[in-house]
Amino acid sequence: MTDEIPLSPVAGWDLSSIPAMGAVMLTLHYLVSLMETPGQAHRSPNYVFHTAQLRELGEAMIRAADKAEAVGMSSPPGPKN
């Protein structure tokens, strides 16, 4: 399935609070090629989340991580050595 979906591994991120808006800005640092190093990461647009959105996103990410860990890693279908 991941062969059909372009993936950009996240190499880091920046979080900055915006007190006047009661919000937080998130900028992701991502790779577009497996040949790139984290130092060559590209920057995403600046995303702004109100604190309630950020908490909801954080909880959703924890649930997703728990689910991914519960399923475990698997090899793609095909011949095995």
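Numbers here are sequence positions counted from 1.
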Query raised in the report: Do the side chain of Gln53 and the main chain of His50 share a donor and acceptor less than 3.5 angstrom apart?
Result: yes
Query raised in the report: Are side-chain heavy atoms of His42 and Leu28 found at a separation under 4.5 Å?
Result: no
Query - Pairwise side-chain contact, Pro9 with Tyr30, heavy-atom cut-off 4.5 Å (strictly under) - result: no
**Report entry** Shortest non-hydrogen contact between Met35 and Gln40, atoms and distance
**Finding:** O-OE1, 4.0 Å
Report task. Any chance you could measure Leu15, atom CG, to Met25, atom CE, to the nearest 0.5 Å? Result -> 9.0 Å
Report task. Determine whether more than 12 heavy atoms belonging to other residues, nucleotides or ligands lie under 6.0 Å from atom CG of Leu34. Result -> no
Query - Transitive ILVMFWY side-chain link Tyr47 to Val10, under 4.5 Å - result: yes
**Report entry** Taking every non-hydrogen atom, the tightest pair across Val48 and Met21
**Finding:** CG1-CE, 4.0 Å
Report task. Indicate the atoms forming the closest heavy-atom contact of Thr27 with Asn46, along with that distance. Result -> OG1-OD1, 2.5 Å
Query - Same apolar cluster (I L V M F W Y, side chains within < 4.5 Å links), Trp13/Met61 - result: yes
Requested in this report: Could you grab the distance from atom OG of Ser8 to atom NE2 of His29, nearest 0.5 Å is fine?
Outcome: 14.0 Å
Query - Distance, nearest 0.5 Å, that separates CZ of Phe49 from CD of Glu56 - result: 10.5 Å
